[in-house]
Amino acid sequence: MTFQTYLEQFEQILNSQNPKAPYDNPDYFNYTKLNWSRMNRWLKKGEILPHVKEKIQSIKEAQQWIVITEPWCGDASHIVPFIHMMAELNPLIHIDFELRDAEPNRIENYLTNGGKAIPKLIIKDANREDLATWGPRPADCQKFYQEMHANKVPLEELKIGLQNWYNEHHGVEIQEEIAGLL
């Protein structure tokens, strides 16, 4: 799906009178509302670094970027906007968004430590061969998450910690790591 279609599906979830699982759970639904706000904030205020912009604009051959995500994913609310903004910088980049929990279930081929961690970016060349994959989070954020998880930090505190990490880093590591793959 296009980014616009992803946004429309996201909004349909938020505007539904009878949301389907997992959004029928108030905790999921409320967190998804927060994700909508976070994502839109980055779309308005996020900035692509000049050297990353230059690197993306220098791509000379067609690429397909596939983003596997879900509206309920907190990390995705911070990462997906930057991937979208980066892809928009070069008309040779075609970007598609797929939901992790829906067909074609591509995530099964791109597991992280055996799990379906998202968001996941898959970069393919014109022949549909994988050039690179990235995700579910920047390396330093993943390290931070693993430390908190190992220390059995309560889920709410872990979510706040990750939120603060993304806010403090302004998408820099996301951009740097993805640009490093190109």
Side-chain angles (χ1 to χ4, degrees), residues 1-10 34-100 106-107 109-113 116-148 159 161-182:
M1 75 180 85
T2 65
F3 186 64
Q4 185 60 41
T5 302
Y6 175 66
L7 293 177
E8 289 167 4
Q9 286 192 8
F10 206 133
L34 277 175
N35 290 342
W36 176 256
S37 296
R38 292 170 177 153
M39 183 177 65
N40 281 291
R41 179 174 39 92
W42 287 122
L43 288 170
K44 289 178 188 160
K45 296 186 177 195
E47 295 182 17
I48 302 302
L49 301 166
H51 67 281
V52 172
K53 183 176 183 180
E54 185 178 310
K55 177 102 174 189
I56 292 169
Q57 290 174 333
S58 73
I59 294 170
K60 302 291 184 222
E61 295 183 18
Q63 292 183 358
Q64 180 184 23
W65 290 16
I66 301 165
V67 179
I68 304 173
T69 187
E70 285 284 347
W72 51 256
C73 178
D75 292 288
S77 69
H78 298 281
I79 294 170
V80 167
F82 286 100
I83 295 173
H84 164 71
M85 290 186 287
M86 291 167 68
E88 291 235 304
L89 295 171
N90 190 321
L92 292 173
I93 298 172
H94 175 80
I95 189 166
D96 289 308
F97 293 82
E98 296 179 1
L99 298 178
R100 184 194 84 168
R106 190 184 312 260
I107 192 68
N109 299 319
Y110 298 95
L111 301 177
T112 301
N113 299 323
K116 297 179 182 182
I118 56 173
K120 183 72 78 168
L121 171 64
I122 304 149
I123 301 173
K124 294 182 173 283
D125 65 16
N127 296 320
R128 311 233 346 112
E129 297 293 325
D130 287 2
L131 294 173
T133 61
W134 181 89
R137 336 180 147 87
D140 285 345
C141 184
Q142 182 67 8
K143 183 178 173 187
F144 174 70
Y145 168 82
Q146 288 170 333
E147 288 170 1
M148 291 180 64
K159 287 183 203 178
L162 288 172
Q163 168 70 21
N164 290 337
W165 190 96
Y166 283 111
N167 287 341
E168 291 168 10
H169 292 257
H170 305 283
V172 170
E173 287 85 350
I174 298 163
Q175 296 176 59
E176 295 282 4
E177 289 182 20
I178 293 171
L181 299 173
L182 302 175

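Along the sequence shown, the residues carry numbers beginning at 1.
- Annotation: side chain of I174 is in contact with side chain of W134 (closest heavy-atom distance under 4.5 Å).
- The side-chain heavy atoms of I66 and E98, taken from C-beta on, include a pair separated by under 4.5 Å.
- Using modelled atom types, one side-chain atom of E70 and one backbone atom of R100 make a donor-acceptor pair closer than 3.5 Å.
- Using a 4.5 Å cut-off on side-chain heavy atoms (C-beta onward), I122 and D130 make contact.
- To the nearest 0.5 angstrom, I95 atom CD1 is 12.0 Å from N90 atom CG.
- A donor-acceptor contact shorter than 3.5 Å is absent between the side chain of N35 and the backbone of S77.
- Using cut-offs of 30° and 60° for the angle between ring planes, the H84 and F3 rings count as parallel.
- The shortest non-hydrogen separation linking I79 to P136 is CD1-O, 3.2 Å.
- Minimum interatomic distance between A179 and K55 (heavy atoms only, all atoms of both residues): O-CE, 3.3 Å.
- Between S58 atom OG and L89 atom CG the span is 11.0 Å, to the nearest 0.5 Å.
- Residues meeting the side-chain hydrogen bond (donor to acceptor under 3.5 Å, both in side chains) test with Q142, sequence neighbours left out: R137.
- Of the possible polar contacts, one joining the D125 side chain to the N127 backbone as a donor-acceptor pair under 3.5 Å is found.
- A pairwise comparison of heavy atoms in K116 and L111 identifies CG-CD2, 3.8 Å as the closest pair.
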* Could you walk me through whether F144 and N164 pass the side-chain contact (heavy atoms from CB on, under 4.5 Å) test, one step at a time? => CA-CA 11 Å; F144 174 70; N164 290 337; over 6 Å; no
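- Proximity of L121 to I178: side-chain heavy atoms (C-beta onward) are separated by under 4.5 Å at one or more points.
- The two atoms that bring P81 and A76 nearest to each other are CD-O, 3.6 Å, heavy atoms only.
- A side-chain donor-acceptor contact under 3.5 Å links E177 to the backbone of A139.
- For the pair Q175 (side chain) and E47 (backbone), a donor-acceptor distance under 3.5 Å is present.
- W65 places none of its side-chain heavy atoms less than 4.5 Å from the side chain of K124.
- The structure places CD of E54 at 12.0 Å from CG of L49, a figure rounded to the nearest 0.5 Å.
- Side chain to side chain, K120 and T133 fail the donor-acceptor criterion of an N or O pair below 3.5 Å.
- Between Y6 and V80 the shortest heavy-atom distance is CE2-CG1, 4.4 Å.
- Residue G135 comes nearest to T112 through the heavy atom pair O-OG1, 4.2 Å, listed as atom of the first residue, atom of the second, then distance.
- Counting heavy-atom neighbours within 6.0 Å of E61 CD, excluding the residue itself, gives a total of 12 or less.
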* Please report the C-alpha distance between N167 and R38 in whole Å, then the side-chain angles of each, then the deciding distance to 0.1 Å, and finally whether the side chain to side chain donor-acceptor pair (under 3.5 Å) criterion is met. => CA-CA 10 Å; N167 287 341; R38 292 170 177 153; over 6 Å; no
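- Between H78 and Y166, the ring planes lie parallel to each other; the angle is under 30°, not in the 30° to 60° tilted range.
- Contacts of W165 classified as side-chain hydrogen bond (donor to acceptor under 3.5 Å, both in side chains), with partners at least two apart in sequence or in another chain: H169.
- Taking CE of M1 as the reference point, atom OG1 of T69 lies at 9.5 Å (rounded to 0.5 Å).
- Contact of the I68 side chain with the P119 side chain is not registered, since no non-hydrogen atoms from C-beta on lie closer than 4.5 Å.
- Atoms NZ and CD1, from K53 and I48 in turn, are 9.0 Å apart once rounded to the nearest 0.5 Å.
- Side chains of E176 and H51 form a contact here, defined as non-hydrogen atoms less than 4.5 Å apart.
- Looking at I118 and W72, their side chains come closer than 4.5 Å, going by heavy atoms from C-beta outward.
- To the nearest 0.5 Å, atoms NE2 (H94) and OG1 (T2) are separated by 9.0 Å.
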